[in-house]
Protein chains: 2
Amino acid sequence: MGVTSEIVKDFKKFIKKKGLKYTSEREEILKEILKSKQHFDVDGLYMKLRKKGSKVSKASVYRTIPLLVEAGYIQEVYKQDSRSYYEVTLDKLPHIHFICIKCKGVDEIIDEYLVEHIQKKAKEKKYTPLTYHLEIFGICHKCKEEG
Amino acid sequence: MGVTSEIVKDFKKFIKKKGLKYTSEREEILKEILKSKQHFDVDGLYMKLRKKGSKVSKASVYRTIPLLVEAGYIQEVYKQDSRSYYEVTLDKLPHIHFICIKCKGVDEIIDEYLVEHIQKKAKEKKYTPLTYHLEIFGICHKCKEEG
DNA sequence: TTTTATCTTGAGAATAAGTTTCAAATTAAA
DNA sequence: TTTAATTTGAAACTTATTCTCAAGATAAAA
């Protein structure tokens, strides 16, 4: 059994546990998302589904995403121009985004130390963390050299 | 001369340098923002101005904020429900924001350990960090208990 | 299988933050 | 002043996301 079907099975269990109903639309959306290897937004995801003949509505995409976030399969990684971008949570490691204020370039690293640190801090505050962003705004090496 | 009038003077210089015109609206908005001791959003700031009799428009508030960000007096700290929140840039210490997705409450802590850690990571990437924010979206203790 | 209660769906309307438009007002240099 | 350029307020516009609701799907129970 592949990783995808494993996740699909778990998602079904998750949906049931919440007293919700497992639908083909929810499964379709999850499967399409699992194929994405990069950041995605609702519009792009919806387009991809439509192109392959899916009849799923944009409203359903919007409704399914919070479930997938809650289940831990995806997470919001950043917002840009009032649009949210998500990615598949392969591991639970948060990304650090280095955003250069000059060239607008985004560099991304994964930081294992941060995971534990955030879990610890959240515990101190009695928070249940679902997703988190760390953005560092600054100047990249290249722009620094160019003055 | 107080800190505020010092900043106002600098802002005027900044505006002039950009070839723009220094207006009473821009000064009014800056002064009101400098009074804020917490996060603020455009709507709240606009309300405060109106309550004290200001005739400034919301459009002008929206137009002035990017200038103040560029000048370095304020920074965006997080976005929630497609609304941006800002704060006065007093020090460069990063805050950790715990944002409850249910009650919308924001809890803030300052984490000195994180400062060093980020400096280290930035150095590895040859980045010159200017400011950074860590936002943790989740569910607070109170909302968790309430189900 | 049929019933029944509940949930979900699609389509489009509604919402709301932020942007844009434009004529009138303001700025500031000459 | 005069004049050219910028800014303003008000309202229209844009657009991501949410909401509404009737019709359809799900699943537990009969």
Side-chain angles (χ1 to χ4, degrees), chain A residues 8 11-33 39-50 53-71 74 76-86 131, chain B residues 8 11-33 39-50 53-71 74 76-86 99 101-102 104 137:
Chain A
V8 167
F11 182 52
K12 187 168 182 176
K13 209 187 292 176
F14 171 84
I15 288 294
K16 293 288 192 175
K17 199 167 191 174
K18 280 184 76 75
L20 302 176
K21 286 169 182 175
Y22 194 70
T23 65
S24 59
E25 287 86 355
R26 285 173 175 162
E27 185 170 314
E28 238 184 314
I29 292 164
L30 169 59
K31 280 182 174 169
E32 190 58 44
I33 284 174
H39 303 149
F40 66 89
D41 64 352
V42 168
D43 219 61
L45 174 61
Y46 174 70
M47 295 301 198
K48 270 172 66 180
L49 283 162
R50 296 304 267 193
S54 171
K55 290 283 177 281
V56 88
S57 71
K58 201 178 269 191
S60 285
V61 176
Y62 272 110
R63 287 188 278 233
T64 302
I65 281 180
L67 293 171
L68 296 173
V69 170
E70 195 188 337
I74 63 174
E76 190 186 79
V77 279
Y78 62 93
K79 292 178 195 236
Q80 197 177 80
D81 305 325
S82 67
R83 189 184 304 224
S84 290
Y85 290 83
Y86 303 86
T131 181
Chain B
V8 167
F11 182 51
K12 187 167 181 176
K13 207 187 292 176
F14 171 86
I15 289 294
K16 292 289 191 175
K17 199 167 192 175
K18 279 183 76 76
L20 303 177
K21 287 171 180 173
Y22 194 69
T23 65
S24 59
E25 287 85 355
R26 283 174 175 162
E27 185 170 314
E28 238 183 313
I29 292 163
L30 169 59
K31 280 182 174 169
E32 191 58 46
I33 284 174
H39 306 145
F40 66 89
D41 62 353
V42 168
D43 218 61
L45 174 61
Y46 174 69
M47 294 301 197
K48 270 172 66 181
L49 283 162
R50 295 305 265 193
S54 171
K55 291 283 177 283
V56 88
S57 72
K58 200 178 271 190
S60 284
V61 176
Y62 273 111
R63 288 188 276 232
T64 301
I65 281 180
L67 293 171
L68 296 173
V69 170
E70 194 188 337
I74 63 174
E76 190 185 78
V77 280
Y78 62 93
K79 291 178 196 237
Q80 192 181 214
D81 302 326
S82 67
R83 189 185 304 221
S84 291
Y85 290 84
Y86 303 85
I99 303 167
I101 60 171
K102 284 205 165 182
K104 313 295 180 192
F137 293 88

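Labels below follow one simple rule: chain letters A, B, ... track the order of the sequence lines, proteins then strands, and each chain is numbered from 1. On a predicted model such as this, the values are computed, not experimentally measured, just so you know.
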Visitor: Taking the side chain as everything from C-beta on, heavy atoms only, tell me whether A:Glu25 gets closer than 4.5 Å to A:Thr64.
Guide: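 No, their side chains stay 4.5 Å or more apart.
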Visitor: Take A:Asp43 and A:Arg83 through the test side-chain contact (heavy atoms from CB on, under 4.5 Å) and record every step on the way to the result.
Guide: CA-CA 9 Å; A:Asp43 219 61; A:Arg83 189 184 304 224; 4.0 Å; yes
Visitor: To the nearest Å, how far apart are A:Lys18 NZ and C:dT8 C1'?
Guide: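 Distance, rounded to whole Å: 15 Å.
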Visitor: Quick check against the 3.5 Å criterion: does B:Arg63 have a side-chain atom that pairs as donor or acceptor with the backbone of B:Lys58?
Guide: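 A pair under 3.5 Å: no.
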Visitor: Would one find a side-chain N or O of A:Ser82 under 4.0 angstrom from OP1 or OP2 of D:dT17?
Guide: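 So the side-chain polar atoms of A:Ser82 never come under 4.0 Å of the phosphate oxygens OP1 or OP2 of D:dT17.
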Visitor: Describe the nucleic acid contact of A:Lys79 in one word from base, sugar-phosphate, nothing, applying a heavy-atom distance below 4.0 Å.
Guide: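 Nothing, no nucleic acid heavy atom in range.
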Visitor: Which whole-number value in Å describes the distance from A:Ile15 CD1 to C:dT6 P?
Guide: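 From A:Ile15 CD1 to C:dT6 P: 19 Å.
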Visitor: Pick the closest DNA chain C nucleotide for B:Ser84 and for B:Ser24 by heavy atoms, then say which residue is nearer the 5' end.
Guide: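 On the 5' side of the pair lies B:Ser84.
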Visitor: Would you classify B:Lys55 as touching base, sugar-phosphate or nothing, given that sugar-phosphate means primed atoms plus P, OP1 and OP2, and contacts are heavy atoms under 4.0 Å?
Guide: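 Counting heavy atoms under 4.0 Å across all strands, the contact made by B:Lys55 is with sugar-phosphate only.
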Visitor: Applying a 4.0 Å non-hydrogen cut-off, can you work out what A:Arg63 is touching in the nucleic acid: base, sugar-phosphate, or nothing?
Guide: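 Since a base atom lies under 4.0 Å of A:Arg63, the category is base.
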Visitor: Check every atom of D:dG9, C:dG18, C:dT8 against the side chain of B:Glu25 and return the nucleotide holding the closest atom.
Guide: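 Closest of the options to the side chain of B:Glu25: D:dG9.
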Visitor: Do the side-chain N or O atoms of B:Ser60 get closer than 4.0 angstrom to the phosphate oxygens (OP1, OP2) of D:dG9?
Guide: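 So the side chain of B:Ser60 is within the cut-off, an N or O lying under 4.0 Å from OP1 or OP2 of D:dG9.
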Visitor: Rounded to the nearest angstrom, tell me the gap between atom CG in B:Asp43 and atom C1' in C:dT15.
Guide: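 My rounded result for the distance is 14 Å.
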Visitor: Atom OH of A:Tyr22 and atom C1' of D:dT26: how far apart are they, to the nearest Å?
Guide: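 Interatomic distance, OH of A:Tyr22 to C1' of D:dT26: 13 Å.
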Visitor: Could you pick out which residue, B:Asp81 or B:Lys12, lies toward the 5' side of DNA chain C when each is mapped onto its nearest nucleotide?
Guide: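 Closer to the 5' end of DNA chain C: B:Asp81.
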Visitor: If we only count heavy atoms from C-beta on, is the A:Phe11 to A:Leu68 side-chain gap below 4.5 Å?
Guide: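 SC-SC contact between A:Phe11 and A:Leu68 confirmed.
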Visitor: Counting side-chain heavy atoms from C-beta on, which of C:dT8, D:dT17, D:dG9 comes nearest to A:Thr23?
Guide: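 Nearest nucleotide to the side chain: C:dT8.
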Visitor: Spell out yes or no: do the side chain of B:Lys21 and the base of C:dT27 have one donor N/O and one acceptor N/O closer than 3.5 Å?
Guide: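 Pair found.
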Visitor: If you check every side-chain atom of B:Ala59, which of C:dG10, D:dA4, D:dA10 has the closest atom?
Guide: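 It is D:dA10.
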Visitor: Roughly, in whole Å, what's the span from CG in B:Asp41 to P in C:dA16?
Guide: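 Taking atom P of C:dA16 as the reference, CG of B:Asp41 is at 14 Å.
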Visitor: May I have the distance from B:Glu27 (atom CD) to D:dT7 (atom P), rounded to whole angstrom?
Guide: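 Rounded to whole Å, this separation is 15 Å.
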Visitor: Just how far, in rounded Å, is C1' of D:dG9 from NZ of B:Lys58?
Guide: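 Atom NZ in B:Lys58 sits about 13 Å away from atom C1' in D:dG9.
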Visitor: According to the interplanar angle, ranging from 0 to 90°, do the rings of B:Tyr78 and B:Tyr85 count as parallel (below 30°), tilted (30 to 60°) or perpendicular (above 60°)?
Guide: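 Rings of B:Tyr78 and B:Tyr85: parallel, under 30°.
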Visitor: OP1 or OP2 of C:dG18 versus the side-chain N and O atoms of B:Arg83: is any pair under 4.0 Å?
Guide: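 Negative; the distance criterion is not met.
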Visitor: Between the main-chain N or O of A:Val61 and the side-chain N or O of A:Arg26, is there a donor-acceptor pair closer than 3.5 Å?
Guide: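 Pair absent, no side-chain N/O of A:Arg26 close to backbone of A:Val61.
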Visitor: For the pair made of CG in A:Leu20 and C1' in D:dA28, what is the distance, rounded to whole Å?
Guide: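 Atom-to-atom, A:Leu20 to D:dA28, this comes out as 15 Å.
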Visitor: Assign A:Lys16 to base, sugar-phosphate, or nothing according to its heavy-atom contacts below 4.0 angstrom with the strands shown.
Guide: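 Touches sugar-phosphate only.
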Visitor: OP1, OP2 of D:dT17 versus side-chain N and O of A:Tyr62: anything below 4.0 Å?
Guide: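 It does, given that an N or O in the side chain of A:Tyr62 lies less than 4.0 Å from OP1 or OP2 of D:dT17.
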